[in-house]
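Below, read A as the first sequence line, B as the second, and so on, with proteins coming before strands; counting in each chain starts at 1.
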Protein chains: 2
Amino acid sequence: MNYREKKVMTIGIVCELTGLSERQIRYYEERKLIFPERTNGKTRKYSFTDIERLVEVAEKIEDGWRTHEIREKERKVTEQQRSDLIRGQLNAAFGLYKKR
Amino acid sequence: MNYREKKVMTIGIVCELTGLSERQIRYYEERKLIFPERTNGKTRKYSFTDIERLVEVAEKIEDGWRTHEIREKERKVTEQQRSDLIRGQLNAAFGLYKKR
DNA sequence: CGTGTAAGGAATTCTGACACG
DNA sequence: CGTGTAAGGAATTCTGACACG
């Protein structure tokens with residue numbers, strides 16, 4: 001695993017790096033926009049990719065997005081990407097979808 | 001600055017990642033083999049390069065090195081590299097040191 | 001809805017010291 | 001010398017709740 005994805009930071013450091021409050025960071029987790037790991041003692045652990053993610057989420061909220069909108073939008077994009085991928089695979093295997 | 005060099009981890013996580021005890025990690029700092037940063041509240045913060053460094057130090061100690069030997073050895077190597085660098089620069093500029 | 005805050009407790013980390021070999 | 005450990009305190013984090021708009 002890459003360093004970027006290792007969950008190693010406590011929330012205090014994440015606050016420093018992102019400029020967000022603990023409250024905000026925990027709230028975005030509650031709204032399923034971010035998924036830290038936990039130590040045995042319940043302390044949250046974040047990765048650098050989580051940092052990037054948090055900044056992205058915070059920006060969208062500043063732009064007026066709701067948390068559930070962010071979540072739904074991303075879910076749909078992922079779904080679309082999956083179907084694109086499958087279509088591509090079928091095409092490569094059988095040439096079912098021809099360009100014209 | 002690269003993620004590898006950001007001082008973001010508390011000692012507990014460093015213990016997990018390196019397999020070393022808190023005692024060992026703090027001792028290597030006392031012996032000037034590693035240099036964590038601090039939060040306002042005195043808590044130590046380590047980077048991924050610190051992790052790599054700690055593993056390297058621990059291996060040398062297992063091989064029978066003393067902490068001051070490790071420090072001195074590295075100091076000398078660095079010194080040598082610096083003088084090599086300067087010689088190279090002089091050579092490039094004036095061709096003082098000719099091969100033959 | 002998204003965020004601030006005070007509250008009380010639990011987990012984490014810190015330092016200085018004693019111990020061993 | 002390098003490391004373990006018990007001790008007591010300080011800093012950090014956690015949860016659930018009340019508040020505002």
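- Counting heavy atoms from C-beta on, the side chains of B/K7 and B/Y46 never come closer than 4.5 Å.
- If you measure from atom CD of B/E30 to atom P of D/dT3, you get 11 Å, rounded to the nearest angstrom.
- Shown are B/E22, B/Q24, B/E29; of these, the side-chain hydrogen bond (donor to acceptor under 3.5 Å, both in side chains) with B/R26 is made only by B/E22.
- Listed nucleotides C/dT13, C/dG2, C/dA17 differ in distance to B/T10; the shortest reach to its side chain belongs to C/dT13.
- Heavy atoms of A/R66 sit under 4.0 angstrom from primed sugar atoms or phosphate atoms, though from no base atom.
- Taking atom CD on A/Q24 and atom P on D/dC14, their separation rounds to 15 Å, with Å as the unit.
- Atom C1' of nucleotide D/dG2 and atom CZ of B/R71 are separated by 14 Å, given to the nearest angstrom.
- Between the A/D63 side chain and the A/K60 main chain, no donor and acceptor come within less than 3.5 Å of each other.
- Between the A/R71 side chain and the A/R31 main chain, a donor and an acceptor come within less than 3.5 Å of each other.
- Residue A/S21 is the one, among B/I13 and A/S21, whose nearest nucleotide of DNA chain C lies closer to the 5' end (criterion: closest heavy atom).
- B/Y27 has a side-chain polar atom (N or O) that falls below the 4.0 Å cut-off from OP1 or OP2 of D/dG2.
- Between the CE atom of A/M9 and the C1' atom of D/dT12 there is a distance of 17 Å, rounded to whole Å.
- Put simply, CD1 on B/I25 is 10 Å from P on C/dT13, counting in whole angstrom units.
- Counting to the nearest Å, the P atom of D/dT3 and the CG atom of B/L20 are 8 Å from each other.
- Applying the 6.0 Å contact sphere to CZ of A/R82 captures no more than 12 heavy atoms from other residues, nucleotides or ligands.
- Within 4.0 Å (heavy atoms only), A/R31 reaches sugar-phosphate atoms of the nucleic acid but no base atom.
- Aromatic rings from B/Y3 and A/F48 are positioned such that their centres are separated by under 6.0 Å.
- With C/dT3, C/dT15, D/dC14 as the choices, the nucleotide that has an atom nearest any side-chain atom of B/R26 turns out to be C/dT15.
- Counting only distance, with no hydrogens or angles, the side chain of B/R4 and the backbone of B/D50 share no donor-acceptor pair below 3.5 Å.
- Judged by Watson-Crick or G-U wobble contacts below 3.5 Å, the nucleotide C/dA10 has D/dT12 as its partner.
- Base pairing of C/dG2: its partner is D/dC20, meeting the Watson-Crick or G-U wobble criterion (both donor-acceptor distances under 3.5 Å).
- Atom P of nucleotide D/dC20 and atom CZ of A/R23 are separated by 15 Å, given to the nearest angstrom.
- Contacts between residues 38-63 of chain B and DNA chain C, defined by a heavy-atom separation under 4.0 Å, are made by B/R38, B/K42, B/T43, B/R44.
- Between the C1' atom of C/dG2 and the OH atom of A/Y28 lies a distance of 7 Å, rounded to the nearest Å.
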